[in-house]
Number of protein chains: 2
Amino acid sequence: MNIGHAAKATGISTKMIRYYESIGLISPAHRSQAGYRVYTDDDIHALRFINSARDLGFSVEQMRDLLDLWGDRSRASADVKALALAHAAMLEEKARSLQDMSRTLRHLADNCHGDDRPDCPIIDEFAVAPPPRELRKRQPRFGVAAQVYSPAR
Amino acid sequence: MNIGHAAKATGISTKMIRYYESIGLISPAHRSQAGYRVYTDDDIHALRFINSARDLGFSVEQMRDLLDLWGDRSRASADVKALALAHAAMLEEKARSLQDMSRTLRHLADNCHGDDRPDCPIIDEFAVAPPPRELRKRQPRFGVAAQVYSPAR
DNA sequence: GCTTGACCTTACCATCATTGGAAGGTGCAA
DNA sequence: TTGCACCTTCCAATGATGGTAAGGTCAAGC
């Protein structure tokens, strides 16, 4: 199976498959005589694993940990569970934070006429509110896959 | 007021202030004889506005739209409200998506012994689940500030 | 006046996951 | 043989941010 076929079979683009190989997330594929990458069923299995983990918001580094555990069947269960639960907690925290943002925005919008009058608290409050000396700790500017916990290695 | 002072007054790093200038989000600051950037109260006002919008998850492009509306007071209210509500809706959708991910993970973890036995559905289901021919449309791989709506220009 | 240290300047490079393109080689079918 | 779809590697860009290096400036203390 060549890389295009593997991409269709796993939902990961050929670009990303090569990238994952280049960063060592997956082991280098075997090559045909012409130099084409050739994928076995086991490779496909691993790529599907990666695709699922990616859909669940795991970062590449987290996937690396999961794949290590996968390879090390003897100690998989407990560690994987801990990793998954920690990740779930982080996802929930992100979700809460997004909801807070949304609530703030809707609150501002509620006090905005929405007609042609120029005064609108969305604009005014934004500008007026002083940045109080970092009580709100600067969030890592967000991307779901940010590493927030250091996983059990 | 020079850039360091402006940074402390607004909560935006000097790096980012220069960056925002370089991409045209803010107009170029006046310069002192020595070439130092000099900021007026109006500039500080704009930077605070940006800081608040950033905290609410707006992308640079979205902030650009908001700043345009800010400058164009005659039609601000309705457009800003629409922009804010659309953004709020997007934030909620992201939050829901994160919660779905979390729920899936916790569900998998529930069926994982968490002891030394090697079988753990977190691992097994990941790998087994086939990637059904793109029913789940590939999410834009997430960052809160992704442009999802095209704002009223 | 000189030194010191804190600030400023520009210009790069790195990050993370991903996409795009260019330039060239390969496989297969008509 | 031609053509097209696929493959290869390499290089660059994205967005928002952090870092660093090499050099200029300012103000205080001596």
Side-chain angles (χ1 to χ4, degrees), chain A residues 1-26 28-39 43 47 50-65 67 90 94 137-148, chain B residues 1-26 28-39 43 47 50-65 94 137-148:
Chain A
M1 199 185 296
N2 62 19
I3 198 171
H5 196 160
K8 269 172 204 133
T10 62
I12 305 180
S13 71
T14 60
K15 279 281 187 194
M16 289 313 295
I17 294 176
R18 292 195 197 98
Y19 171 69
Y20 289 146
E21 182 182 313
S22 81
I23 62 172
L25 182 61
I26 52 179
H30 299 127
R31 299 294 184 120
S32 73
Q33 278 196 324
Y36 284 20
R37 286 175 182 81
V38 176
Y39 293 90
D43 295 333
L47 286 171
I50 287 171
N51 194 48
S52 303
R54 196 172 60 159
D55 276 347
L56 288 172
F58 284 90
S59 73
V60 165
E61 285 318 303
Q62 288 162 359
M63 290 193 284
R64 212 187 288 273
D65 292 329
L67 285 169
M90 194 200 61
K94 296 274 184 201
K137 72 162 185 285
R138 166 96 29 249
Q139 295 277 115
R141 205 58 66 206
F142 259 89
V144 160
Q147 278 116 294
V148 163
Chain B
M1 198 186 293
N2 61 19
I3 198 171
H5 195 159
K8 270 174 202 131
T10 62
I12 304 181
S13 70
T14 60
K15 276 281 184 194
M16 290 314 296
I17 293 177
R18 292 196 196 96
Y19 171 69
Y20 289 147
E21 183 181 313
S22 81
I23 61 172
L25 181 60
I26 53 180
H30 299 126
R31 300 295 184 119
S32 72
Q33 280 197 323
Y36 284 20
R37 284 174 183 80
V38 176
Y39 293 90
D43 294 333
L47 286 171
I50 287 171
N51 193 49
S52 303
R54 196 172 59 159
D55 276 348
L56 288 171
F58 285 89
S59 73
V60 165
E61 285 317 303
Q62 288 162 359
M63 290 193 283
R64 212 187 287 272
D65 291 330
K94 295 275 183 200
K137 73 162 185 288
R138 165 97 27 251
Q139 295 277 117
R141 203 58 64 204
F142 260 89
V144 159
Q147 279 117 294
V148 163

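Lettering follows sequence order; numbering is per chain, from 1. All values derive from a computational prediction rather than experimental measurement.
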**Q** What distance separates B/Ser52 OG from B/Leu47 CG, expressed to the nearest 0.5 Å?
**A** 11.0 Å

**Q** For A/Ser13 and A/Ala7, work out which heavy atoms get closest and say how close.
**A** C-CB, 4.2 Å

**Q** Please report, rounded to the nearest Å, how far the P atom of C/dG20 is from the CE atom of A/Met16.
**A**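 Atom CE in A/Met16 sits about 12 Å away from atom P in C/dG20.
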
**Q** Say you draw a straight line from OG of A/Ser59 to CG of A/Asp65; how long is it, rounded to the nearest 0.5 Å?
**A**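 These two atoms lie 8.0 Å from each other.
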
**Q** Rounded to the nearest Å, what distance is computed from the CE atom of residue B/Met1 to the P atom of nucleotide C/dC8?
**A** 12 Å

**Q** From the list C/dT9, D/dT8, D/dT17, which nucleotide is the closest neighbour of the side chain of B/Arg54?
**A** D/dT17

**Q** Who are the side-chain contact (heavy atoms from CB on, under 4.5 Å) partners of B/His5, not counting sequence neighbours?
**A**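 Here the qualifying residues are B/Met1, B/Asn2.
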
**Q** Using the side-chain contact (heavy atoms from CB on, under 4.5 Å) criterion, which residues pair with B/Tyr20? Sequence neighbours excluded.
**A**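 In terms of side-chain contact (heavy atoms from CB on, under 4.5 Å), with neighbours along the sequence ignored, B/Tyr20 is linked to B/Ile12, B/Met16, B/Ile23, B/Leu25, B/Ile26, B/Ile50, B/Arg54, B/Val60, B/Met63.
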
**Q** NA contact type, B/Ser13, heavy-atom cut-off 4.0 Å: base, sugar-phosphate, or nothing?
**A**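 Since only primed, P, OP1 and OP2 atoms lie under 4.0 Å of B/Ser13, the category is sugar-phosphate.
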
**Q** According to side-chain contact (heavy atoms from CB on, under 4.5 Å), who are the partners of B/Arg37, at least two apart in sequence or on a separate chain?
**A**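 B/Arg37: side-chain contact (heavy atoms from CB on, under 4.5 Å) contacts with B/Ile3, B/Arg18, B/Glu21, B/Ala29, B/Arg31, B/Tyr39.
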
**Q** At how many degrees, to 10°, do the end axes of the helix from C/dG1-D/dC30 to C/dA30-D/dT1 meet when each uses five pairs?
**A**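 Answer rounded to 10°: the end axes differ by 30°.
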
**Q** Starting at the 5' end of nucleotides 19-25 of chain D, put B wherever the base has a protein heavy atom under 4.0 Å, S where only the sugar-phosphate does, and a dash everywhere else.
**A** BB---BB

**Q** If I take atom CZ in residue B/Arg18 and atom P in nucleotide D/dA16, what distance separates them, rounded to the nearest angstrom?
**A**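 Taking atom P of D/dA16 as the reference, CZ of B/Arg18 is at 19 Å.
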
**Q** Side chain of A/Arg37 only, heavy atoms from C-beta on: which candidate in D/dT9, C/dT18, D/dT17 is closest?
**A** D/dT9

**Q** Rounded to the Å, how far apart are B/Ile23 CD1 and D/dT14 P?
**A**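 It is 11 Å, rounded to the nearest whole Å.
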
**Q** Take the protein atom CD of A/Glu61 and the nucleotide atom P of C/dC16, then report the distance between them rounded to whole Å.
**A** 7 Å

**Q** Is the distance from OP1 or OP2 of D/dT17 to the nearest side-chain N or O of B/Tyr20 less than 4.0 Å?
**A** yes

**Q** Which nucleotide, C/dC8, D/dA16, C/dT18, lies nearest any side-chain atom of B/Tyr19?
**A**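 Nearest nucleotide to the side chain: D/dA16.
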
**Q** Of all the choices, D/dC7, D/dT17, C/dC7, which nucleotide is nearest to the side chain of B/Lys8 once you look at every atom?
**A** C/dC7

**Q** Check the distance between C/dT9's C1' and B/Tyr39's OH and give it to me in whole angstrom.
**A** 12 Å

**Q** Counting side-chain heavy atoms from CB outward, which of D/dT17, C/dA17, D/dT8 is closest to A/Ile3?
**A** D/dT8

**Q** Can you measure B/Ile12 atom CD1 to D/dA16 atom C1' for me and round it to whole angstrom units?
**A**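 For the pair B/Ile12 CD1 and D/dA16 C1', the rounded distance is 12 Å.
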
**Q** Using whole Å, report how far CD1 of B/Ile17 lies from P of C/dT9.
**A** 10 Å

